[in-house]
Amino acid sequence: MAVDVLLGLQWGDEGKGKIVDVLTRKYDIIARFQGGPNAGHTLEFENIKHVLHTIPSGIFHKGSKNLVGNGVVIDPIIFKKEVEALKKYGVDIQESLLISRKAHLILPSHRVLDAASEASKGKNKIGSTLKGIGPTYMDKTGRNGLRVGDIELNDFKQRYDALVEKHKQILSHYEYTDYKLSEMEAEWMEAVDFLRGLNLIDSEHFINKAIKENKKILAEGAQGSLLDVDFGSYPFVTSSTTMCAGSCTGLGIAPTRIKEVFGIFKAYCTRVGSGPFPTELNDATGEKLREKGHEFGATTGRPRRCGWLDLPALKYAIDINGVTSLIMMKSDVLSGFETLKVCVGYEYKGTKIDHLPYSIDDELVKPIYKEMKGWTEDLTQLENYDDAPQTLKDYVEFLQQELGVPVTIISVGPNRNQTIHIENHPATA
Ligand code: GDP
Ligand code: IMO
Ligand code: MG
């Protein structure tokens, strides 16, 4: 059986958590393939609002296995808190949560290094979530990292001490002294003990066996394509492969196993952290989007920057991911905007282009907008696409034509139930 992939097409926070939760009933296994506690995936159902950081968003469905893949980076302290928060909902963690031994560990000193690196960059800082993501992936590719499987080894503490020693040397180069490692370490070691008691597995074997047994698997991405380390707005990106290819390396599955690729985008656009954002609205309209959409980070609480939908960026993300099905989120937030703007190209160095150029720095790229009539109707109670306002249908139709991929789901509110399946697409029906 094939693997389906679900990922964000913008700068993250598109609503991946909600849709994974909606789709989980159709899958046996939900597998996170990259990122770590920089992610915040929000789920809402039965008056519960839950934010998951490292744990896959299928965890609330009895019967689904949730795998934290080898491409993920885990902070044991945050992980322990997440697991403990789930217990009160009756989630059987031993039964439903599996963790790859090859996933890398975020050490307290990685978090300190993240803070030191950001401080050293001054006004050019990335706007990192400060969860230690960059330094941990650097240690992974630099072949210094510690992995989950290492906590089962007798010499784990020596390995830990050796890595921390390296980190201290780097910190001394930064001349960064604003930390007390010993206090953070005690809690971390306790959380490592907790992690040791969970279901640690050789996940690449598990997942390939599941494929052979015709199990249905959904790979859940974190962040978004414009934060991808290769194809995002570098250097203002995260440190992992957020695109579809990351599901292969982050789970140990072959590209030939991938079938559907669900690409999620907001009906507008947001970004949190630094970096270029061509369609950003630094005005009352941007403020209205932020207020109506409650655009504040699920992990850091930071206000998200808001702007209009950017089609060249979306086309780019669709291409690099091979998206087969589009999911449009937060359609309800656009209710009440008389005119909607959609970026259809850019003025770039004096010429008009319709693709994403090498650099999208604000001074180089000016968006060209198409204006469309908005809708006034409240969408949050909408149950059927046929009953949607014509102006919303026109918006969706225009996007499908421009992007060349069907929009199969639109979301009209944060709740699991506020989800509209547009057509009998085999993957979403
Ligand atoms: P993720 O990181 O992609 O999982 O997205 P986040 O959870 O960080 O951010 C999405 C936010 O939008 C969360 O607060 C969701 O509860 C909320 N949300 C998701 N879909 C919708 C929607 O269709 N309408 C509205 N109004 N909110 C939504
Ligand atoms: P989800 O999965 C939105 C952003 C940070 C920063 C940059 C690098 O919830 O969509 P990092 O901590 O990774 O070094 O930060 O990436 N960022 C996200 N923005 N959603 C996320 O995850 C993000 N994860 C990281 O704000 O600009
Ligand atoms: Mg998020």
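When a ligand or atom number is given, it counts from 1 through the structure's own listing order.
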If hydrogens are left out, which of N38, V272, V237, T129 has an atom nearest to atom 8 (C) of ligand 2, that is, the closest non-hydrogen atom?
->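 Shortest heavy-atom distance from atom 8 (C) of ligand 2: V237.
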Considering only heavy atoms, which of T238, L227, I126 lies nearest to atom 17 (N) of ligand 2?
->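 Looking at heavy atoms only, the winner is L227.
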Between [X] and [Y]: side-chain donor-acceptor atoms closer than 3.5 Å:
X    : Y    : result
E260 : T324 : yes
H167 : D139 : yes
S233 : R271 : yes
T408 : S325 : yes
T241 : Q34  : no
K18  : T42  : no
Y316 : N321 : no
N38  : T238 : yes
T419 : N417 : no

Are [X] and [Y] close enough that their ring centres sit under 6.0 Å apart?
X    : Y    : result
H61  : Y27  : no
W375 : F337 : no
F236 : W11  : no

Please state which protein non-hydrogen atom is closest to atom 15 (O) of ligand 2 and give its distance, to 0.1 Å?
->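 Protein heavy atom with the smallest distance to atom 15 (O) of ligand 2: S128 CA, 3.4 Å.
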If you have a sec, work out which protein heavy atom is nearest atom 20 (N) of ligand 2 and how many Å separate them, to one decimal?
-> D13 OD1, 3.0 Å
Look at K16 and state whether any of its N, O or S atoms is less than 2.8 Å from the Mg ion (ligand 3).
->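 K16 does not place any N, O or S atom closer than 2.8 Å to the Mg ion (ligand 3).
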Under 4.0 Å from ligand 1 - residues by heavy atom, chain and number = D13, E14, G15, K16, G17, K18, G40, H41, T42, E44, A298, R304, M329, K330, D332, V333, S411, V412, G413, P414
Polar contact flag for K131 and ligand 2 (N/O pairs, less than 3.5 Å) =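 In fact, backbone or side chain, K131 has no N or O that close.
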Show your reasoning for whether salt bridge (Lys or Arg N to Asp or Glu O under 4.0 Å) applies to E295 and K288.
-> CA-CA 10 Å; E295 295 296 355; K288 189 171 161 189; over 6 Å; no
Let me see the working for I211 and V3 under side chain to side chain contact (heavy atoms under 4.5 Å, CB included), right down to the final yes or no.
-> CA-CA 8 Å; I211 291 171; V3 179; 3.8 Å; yes
Atoms of ligand 2, numbered as shown, that sit under 4.0 Å from any heavy atom of [X]:
X    : value
A222 : 2 (O)
A39  : 1 (P), 2 (O), 9 (O), 22 (O)
R302 : 5 (C), 26 (O)
G127 : 5 (C), 6 (C), 26 (O), 27 (O)
W11  : 3 (C), 19 (N)

R271 and ligand 2 - part of the residue with a heavy-atom distance under 4.0 Å |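 Under 4.0 Å from ligand 2, R271 contributes no heavy atoms.
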When you look for heavy atoms under 4.0 Å from ligand 2, do you find them on the side chain of F236, its backbone, both, or neither?
->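 No part of F236 is near ligand 2 at this cut-off.
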State if [X] counts as touching ligand 2 under the rule of any non-hydrogen atom under 4.0 Å.
X    : result
Q223 : yes
K16  : yes
G40  : yes
G224 : no

Looking only at heavy atoms, the pair that brings L379 and L392 closest together is CD1-CD2, 3.8 Å
The Mg ion (ligand 3) - name of the N/O/S atom of D13 that sits closest to it |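 Sorting the N, O and S atoms of D13 by distance to the Mg ion (ligand 3) puts OD1 first.
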